[in-house]
Amino acid sequence: MSISDNSDDVPNGFDERLRRRRIIQSQLETIPSTGIPQPHGNIPNTPLAASFISFLLGSIFSLAFTTFLFGGSSSYWWSTYQLGFFVAAWALFHWGEFAVAAGWNREKCSVDSFLLDNGKLYHAANGFALLEYLITLYLNPSLKSYPYISAIGVFMVVVGQALRSIAMIHASTNFSHALAFRKLANHQLVTDGIYAWFRHPSYAGFFYWALGTQLVLQNPVAFTAFLLLLWRFFSQRIQTEEKMLVQFFGDPYVDYRKRVGTRIPFIA
């Protein structure tokens, strides 16, 4: 089969071939726009890595959520509906962070949007929660036998996840996982929708989501630790972020802050 040299589909020069290649690649790349904080580099920032992580998180979610729906398994002492829901919620949260960024905030989307590279303390906290649950379940299963507590936790997780995802979708390109220390050209103050009820809905969503996971597991020690650590973290982060927002938007943000609270206890 021959191809005509005069075909419009064939690039005539090296520069043109390179330009077309870049256009094709950009449709699948996970590289944030210029001026946006770039990935940490601990996880390869490629479409292959993103698809593989999505596959793993989806598989984990499917197995864990099935365990939850069937009320656990009697074949293994640790295979409970509580643990199934916790793992499913964890997998869905991390997949959802990337999915929302990919769908509504592409300019900031990268493999780091999964938030799997979220610091050692985050993973240590989840590991501690699992350890507390499994040790208590093994030594004294009766301490995990209060289904109404787990039911409250399931409700908090669902509401917290919905609140965070809706906030990220509504803010779109104005949302960032990293603190912004300079105002971008397209940076706008969002005060409508979910932001008319919560000043920092993504933070409030994660706060109640995380506490809900510990109620599902009925972990009194981890619940207390999560409450204290998360409150301290968001209190400091909100204080720092709002200094930037006042610089960015001035009196309109000050007025908005007076009208709308964070809905996180004791954080005005």
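All values below were derived from every heavy atom in this structure, side-chain atoms included, with hydrogens, water molecules and symmetry-related copies excluded.
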Handout entry: Leu48 side chain reached by Ser51 side chain, heavy atoms, under 4.5 Å
Key = yes
Handout entry: Transitive ILVMFWY side-chain link Leu115 to Phe55, under 4.5 Å
Key = no
Completion exercise
To the nearest 0.5 Å, atom CD1 of Ile194 lies from atom CG of Leu163 at 5.0 Å
Exercise for the section: Could you pull out the closest heavy-atom pair between Tyr195 and Val260, with the gap in Å? Expected result: O-CG1, 3.9 Å
Exercise for the section: Quick one: pull up OG in Ser110 and CD1 in Ile36 and give me the separation to the nearest 0.5 Å. Expected result: 10.5 Å
Exercise for the section: Search all heavy atoms of Ala91 against all heavy atoms of Ile60 and return the closest pair with its distance. Expected result: CB-CG2, 4.0 Å
Practice task
Kindly indicate, with the supporting measurements, whether the criterion side chain to side chain donor-acceptor pair (under 3.5 Å) is fulfilled by Glu132 and Thr136.
Solution key: CA-CA 6 Å; Glu132 179 186 354; Thr136 306; 5.0 Å; no
Practice task
Step by step, work out the side-chain contact (heavy atoms from CB on, under 4.5 Å) result for Phe207 and Leu227.
Solution key: CA-CA 8 Å; Phe207 181 81; Leu227 176 63; 3.7 Å; yes
Handout entry: Polar side-chain atom of Lys144 near backbone of Leu217 as donor-acceptor pair, under 3.5 Å
Key = yes
Exercise for the section: Please lay out, stage by stage, how Ile53 and Ile43 fare under the test side-chain contact (heavy atoms from CB on, under 4.5 Å). Expected result: CA-CA 10 Å; Ile53 292 171; Ile43 304 174; 4.0 Å; yes
Exercise for the section: Would you check if Val159 and Tyr208 make a side-chain contact, meaning some heavy-atom pair closer than 4.5 Å? Expected result: no
Practice task
Determine the interplanar angle of the Tyr203 and His200 rings, folded into 0 to 90°, and report it as parallel if under 30°, tilted if 30 to 60°, perpendicular if over 60°.
Solution key: parallel
Exercise for the section: Return yes if some donor-acceptor pair links the side-chain N/O of Glu242 with the main-chain N/O of Thr240 below 3.5 Å, else return no. Expected result: no
Problem - Side chains of Met244 and Leu179 in contact at under 4.5 Å (non-hydrogen atoms) - result: no
Problem - Any donor-acceptor pair under 3.5 Å from Ser172 side chain to Ile169 backbone - result: no
Handout entry: Exceeds 12 heavy-atom contacts within 6.0 angstrom, atom CZ of Arg232
Key = no
Problem - Single-linkage hydrophobic cluster Phe86~Leu131, side-chain heavy atoms < 4.5 angstrom - result: yes
Practice task
State yes or no: do Val216 and Phe65 share one hydrophobic cluster built from I, L, V, M, F, W and Y residues joined by side-chain heavy-atom distances below 4.5 Å, directly or via other members?
Solution key: yes
Practice task
Please assess His94 against Tyr122 for the test ring-ring contact (aromatic ring centres under 6.0 Å, His included), listing each intermediate value before the final yes or no.
Solution key: CA-CA 13 Å; His94 286 286; Tyr122 171 78; 5.6 Å; yes
Practice task
With the side chain counted from C-beta on, respond yes when His170 and Asp192 share a heavy-atom pair under 4.5 Å apart, and no when they do not.
Solution key: yes
Handout entry: Arg106 CZ to Ile31 CD1 distance, which is reported to the nearest 0.5 Å
Key = 10.0 Å
Exercise for the section: Indicate if Tyr146 and Phe155 have the same hydrophobic cluster label, given that clusters are the connected sets of ILVMFWY residues with side-chain heavy-atom separations under 4.5 angstrom. Expected result: no
Exercise for the section: With side chain to side chain donor-acceptor pair (under 3.5 Å) as the test, would you mind laying out the steps for Gln218 and Ser150 before giving the verdict? Expected result: CA-CA 7 Å; Gln218 299 177 32; Ser150 291; 2.9 Å; yes
Practice task
Mind checking the OH-CG spacing from Tyr256 to Leu245? Nearest 0.5 Å is all I need.
Solution key: 9.5 Å
Handout entry: Leu211 and Thr213, any side-chain heavy atoms less than 4.5 Å apart
Key = no
Handout entry: Min side-chain heavy-atom separation Val100-Phe175 under 4.5 Å
Key = no
Problem - Residue pair Pro32 / Pro39: nearest heavy atoms and the distance that separates them - result: CD-CD, 4.0 Å
Practice task
Could you list the residues that satisfy side chain to side chain donor-acceptor pair (under 3.5 Å) with Asp251, not counting sequence neighbours?
Solution key: none
Fill in the blank from the handout: In Tyr76, Trp77, Trp78, Tyr133, the residue satisfying ring pair (Phe, Tyr, Trp, His ring centres under 6.0 Å) with Tyr138 is Trp77
Practice task
Would you please classify the geometry between the His187 ring and the Phe249 ring as parallel, tilted or perpendicular, with 30° and 60° separating the classes?
Solution key: perpendicular
Practice task
Working to the nearest 0.5 Å, report the span between CZ of Arg199 and CD1 of Ile264.
Solution key: 9.5 Å
Practice task
Might you point out which heavy atoms bring Pro44 and Ala49 nearest each other, and give the distance in Å?
Solution key: O-CB, 3.1 Å
Exercise for the section: Determine, step by step, whether Leu189 and Phe248 satisfy the side-chain contact (heavy atoms from CB on, under 4.5 Å) criterion, reporting the C-alpha distance in whole Å, the side-chain angles of both residues, the deciding distance to 0.1 Å, and the verdict. Expected result: CA-CA 9 Å; Leu189 177 60; Phe248 294 167; over 6 Å; no
Exercise for the section: Dump the intermediate steps for ring-ring contact (aromatic ring centres under 6.0 Å, His included) on Trp209 and Phe93, then the final yes or no. Expected result: CA-CA 9 Å; Trp209 177 91; Phe93 169 78; 4.8 Å; yes
Problem - Flag, side chain of Ser73 to backbone of Ser79, donor-acceptor distance under 3.5 Å - result: no
Handout entry: By salt bridge (charged side-chain N to carboxylate O under 4.0 Å, His left out) - contacts of Glu97 (at least two apart)
Key = Arg164
Handout entry: Verify same cluster id: Leu116, Leu121 (apolar side-chain graph, 4.5 Å)
Key = no
Handout entry: Non-neighbouring partners of Asp117 that pass side chain to side chain donor-acceptor pair (under 3.5 Å), sequence neighbours left out
Key = His40, Asn42
Problem - Heavy-atom closest pair, residues Cys109 and Phe98 - result: SG-CE1, 3.6 Å
Exercise for the section: Taking all heavy atoms of His123 and all of Gly119, pick out the closest pair and write down the distance. Expected result: CD2-O, 3.3 Å
Exercise for the section: Check whether the ring centres of Phe223 and Phe226 lie less than 6.0 Å apart, and answer yes or no. Expected result: no
Practice task
For the pair Tyr81 and Phe68, name the ring-plane relationship: parallel under 30°, tilted 30 to 60°, perpendicular over 60°.
Solution key: tilted
Completion exercise
Output for pair (Leu143 CG, Leu137 CG), nearest 0.5 Å, gives 9.5 Å
Problem - side-chain contact (heavy atoms from CB on, under 4.5 Å) between Asp112 and Asn45, worked out - result: CA-CA 8 Å; Asp112 281 6; Asn45 186 42; over 6 Å; no
Exercise for the section: In sequence, state the C-alpha distance, the side-chain angles, and the governing distance for Gln214 and Asn219, and then conclude on side chain to side chain donor-acceptor pair (under 3.5 Å). Expected result: CA-CA 5 Å; Gln214 299 315 298; Asn219 280 347; 3.1 Å; yes
